[in-house]
Amino acid sequence: MGWHLVFRSLGSRKGRLALAGLVVVLGAGLVSALANLTPDVSSKMGGQLRAYGANITVLPRPLPGLEMAAYLDEDRLAYMEGEKEAIASYVPFLYSLGKVEGQRVVLVGARLEALAKQSTWWLVQGSWPASDDEVLVGGRLARKLRLKLGQTVVIGAAQGERQFRIAGLAETGSAEEDQVFLTLSVAQELTGRKGQVSLAQVSAWSEKEPLSAIAQRIEQAVPAAEVRVVGQVARAETQVLEKVRLLMLLVASLVLVTAGLAIFSVMATSFLERTKEIGLMKALGASEARIASLFGAEALVIALGGGLLGYGLGYGLAQFITLVVFGAPAALSWQSLGITLAAAVGVTFAGGLIPIRRAAGLNPAVTLKEE
Amino acid sequence: MASPGMVDVRGLTKRYGDTCALEDVSLSVAPGEWLVVMGPSGSGKTTFLNIVGCLDQPTEGIVTVDGKDVSHLSPREMGRFRRETIGLIFQQFHLIPYLNSLENVMLAQYFHSMADEAEARDALVRVGLGDRLRHLPSQLSGGEQQRVCIARALINSPKILLADEPSGNLDRRNEEMVMGLLSQRHREGYTLIMVTHNPEIAQLADRLVNFDHGHLVSEKRNHLGQATLQRPG
Ligand SMILES: Nc1ncnc2c1ncn2[C@@H]1O[C@H](COP(=O)(O)OP(=O)(O)O)[C@@H](O)[C@H]1O
Ligand SMILES: [Mg+2]
């Protein structure tokens with residue numbers, strides 16, 4: 001009988017119901033859009049910013065009193081493999097001077113497959129080296145030395161020389177154009193610096209913590225290392241995200257407060273129209289709890305119905321925004337469904353509390369008095 | 001009174017701010033008695049019924065209903081007492097507009113204990129509405145609505161029926177039918193307190209009291225007892 005009564009009552013007030021429902025749908029829709037967007041925007045934006053490259057540099061701390069360059073221990077850097085969540089990739093580099101076809105050049109040993117991932121904007125003619133016998137040569141250097149793609153060259157350093165095939169030529173727009181890139185282990189062998197690394201470039205991102213916290217962890221894990229957050233990018237990332245979050249929070253709160261007020265006015269009006277009905281129920285002996293639960297159930301139906309509809313709308317909106325801005329769809333999240341329904345129910349009851357309590361406390365004798 | 005009445009009112013006074021709706025009223029109603037309350041508008045009839053029906057509380061005095069002192073009950077206890085002991089019939093019927101006849105009767109069961117459709121249907125059949133079970137109040141005549149109201153008042157087997165001008169909004173023919181139903185309940189043993197302006201109806205009751213300006217001014221035992229309502233012409 002209880003639910004039957006609730007649905008009969010709701011059915012008899014379709015106009016008002018539509019109004020209250022609409023308010024909830026709109027409120028829930030915005031909350032849903034925001035809830036669906038927030039985690040997605042963070043990770044997508046993180047991804048986009050990360051595409052610009054490394055944002056943390058790990059350097060050896062200069063040794064006091066020594067002129068010679070310090071090196072990092074390659075094995076210790078490998079700890080970063082375990083930080084999959086925060087660290088997308090890291091590239092160890094070994095810089096040294098060497099000779100190509102008798103000309104002095106900067107030789108760069110690096111983990112090339114990781115470097116390729118971090119350097120998406122490099123224009124590579126040919127391909128990245130696929131084996132230890134191949135190198136990538138900077139475009140300007142190649143023009144200077146008249147080196148051709150696919151050609152074999154002799155490269156030498158302090159501890160010997162070797163033949164390599166030129167697998168690719170790279171246009172980068174900066175210093176890399178004068179350098180030769182080869183596999184880290186080969187570079188270490190040629191220079192006699194096994195297990196040593198000049199620096200590492202790290203591409204890190206986390207929604208949960210600032211870059212500086214990740215940097216600090218790296219500094220603790222790698223001995224004698226000095227870790228620098230590449231200032232501009234990091235600050236920009238954090239600031240943009242903070243602003244986006246703040247704005248979303250502000251909009252969501254405004255929408256929710258407005259929805260709460262609208263629910264209050266709709267429920268209060270409906271309550272005024274129904275005083276006789278409530279008075280009769282009380283005259284028949286309905287307890288305050290019974291009346292409150294009947295009205296509460298009506299509110300719950302409105303909240304859940306509106307919440308679900310709003311969730312769908314908001315999810316669509318979030319999809320649209322992420323598609324337009326990031327060119328990829330948003331992922332459906334159950335968490336955001338929970339947040340949306342909770343917000344819809346919360347707002348409905350916050351707005352309905354006073355009318356429901358007033359209804360439950362009505363004095364039947366006064367209410368039923370004939371006018 | 002030697003034997004305890006179904007209703008015992010002693011020194012009942014009810015004030016609303018400055019207005020004194022009832023003043024020092026004492027009255028007893030025996031079990032199974034049919035009492036009619038008359039008096040000009042504003043004389044306190046509804047107030048009296050409300051207090052006996054536990055819809056309102058006395059300012060002063062003691063009111064005992066079915067052996068229980070109801071003068072100082074909490075709203076919650078009043079509610080419980082109403083649904084167990086009192087059947088209410090209103091001049092305005094007060095049916096829920098979006099519920100059909102059956103559901104309106106079941107509503108009283110629901111608030112009392114549990115809705116029982118078969119029982120509610122029987123109650124409507126007994127007031128002659130077996131073919132109006134699924135009609136909404138707006139689809140019923142005034143007399144039919146009042147009969148739904150009577151079925152609803154009786155559905156939980158109350159000790160007392162309180163009817164405030166039950167035929168005040170009805171034409172002559174419907175008034176007869178409603179009064180026929182109520183006097184039949186009276187014969188079945190219900191205690192019945194009714195407000196009416198119709199002296200002919202007052203003839204049907206066991207006893208008649210008159211209120212004026214909140215005072216009980218006269219009381220008359222009707223020795224004819226259950227006379228039948230005279231048909232005009
Ligand atoms: N809730 C109330 N608040 C203030 N005055 C009331 C209230 N109920 C009744 N009265 C007053 O009490 C008096 C008796 O009212 P009522 O019992 O309704 O009279 P009757 O039913 O005989 O017409 C009237 O003067 C009325 O205005
Ligand atoms: Mg009255």
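Chain letters run A, B, ... following the sequence lines, proteins first, then strands; residues in each count from 1.
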Original post:
Which region of A/L294, side chain (C-beta onward) or backbone (N, CA, C, O), has a non-hydrogen atom less than 4.5 Å from a non-hydrogen atom of chain B, or is it both or neither?
Top reply: side chain

Original post:
Under 6.0 Å from the NE2 atom of B/H197, do we count more than 12 heavy atoms belonging to anything else shown?
Top reply: yes

**OP:** Considering only heavy atoms and a distance below 4.5 Å, find which of A/G361, A/G11, A/G2 pairs most often with chain B.
**Re:** A/G2

Subject >> Proximity breakdown for B/R82 and chain A, heavy-atom pairs closer than 4.5 Å >> reply: side chain

**OP:** Enumerate by number any residue of residues 51-78 of chain B whose heavy atoms lie under 4.5 Å from heavy atoms of chain A; in the absence of such residues, state 'none'.
**Re:** B/L55, B/D56

**OP:** Could you have a look at B/M114, B/E84, B/R152 and say which one has the most heavy-atom pairs with chain A under 4.5 angstrom?
**Re:** B/R152

Original post:
Among B/N156, B/L88, B/L107, which has the most heavy-atom pairs under 4.5 Å with chain A?
Top reply: B/L107

Original post:
Under 4.5 Å between any side-chain heavy atoms of B/I96 and A/R8, yes or no?
Top reply: no

Original post:
Quick one: what part of B/A108 sits under 4.5 Å from any heavy atom of chain A, side chain, backbone, both or neither?
Top reply: both

Subject >> Inter-residue atom distance A/L280.CG - B/N104.CG, 0.5 Å rounding >> reply: 8.0 Å

Subject >> Residues A/L368, B/H94; criterion side chain to side chain contact (heavy atoms under 4.5 Å, CB included); working and verdict >> reply: CA-CA 8 Å; A/L368 290 179; B/H94 292 310; 3.7 Å; yes

Original post:
Is the number of heavy atoms from other residues, nucleotides or ligands within 6.0 Å of CG (A/L254) greater than 12?
Top reply: yes

Original post:
Is the closest side-chain heavy-atom distance between B/F111 and A/K282 below 4.5 Å?
Top reply: no

Original post:
Does anything in residues 125-145 of chain B get under 4.5 Å of chain A by heavy atoms, and if so which residues?
Top reply: none

Subject >> Top contributor to chain A contacts, counting heavy-atom pairs under 4.5 Å, from B/E117, B/Q109, B/H112, B/M106 >> reply: B/M106

**OP:** Would you check if A/L5 and B/L99 make a side-chain contact, meaning some heavy-atom pair closer than 4.5 Å?
**Re:** yes

**OP:** Pick one of side chain, backbone, both or neither for B/E103, based on which atoms fall under 4.5 Å of a heavy atom in chain A.
**Re:** both

Original post:
Taking atom OG of A/S287 and atom CZ of B/R80, what is their separation to the nearest 0.5 Å?
Top reply: 9.5 Å

Original post:
Within the distance-only criterion (no hydrogens, no angle test), does the side chain of A/R290 pair as donor or acceptor with the backbone N or O of B/Y110 below 3.5 angstrom?
Top reply: yes

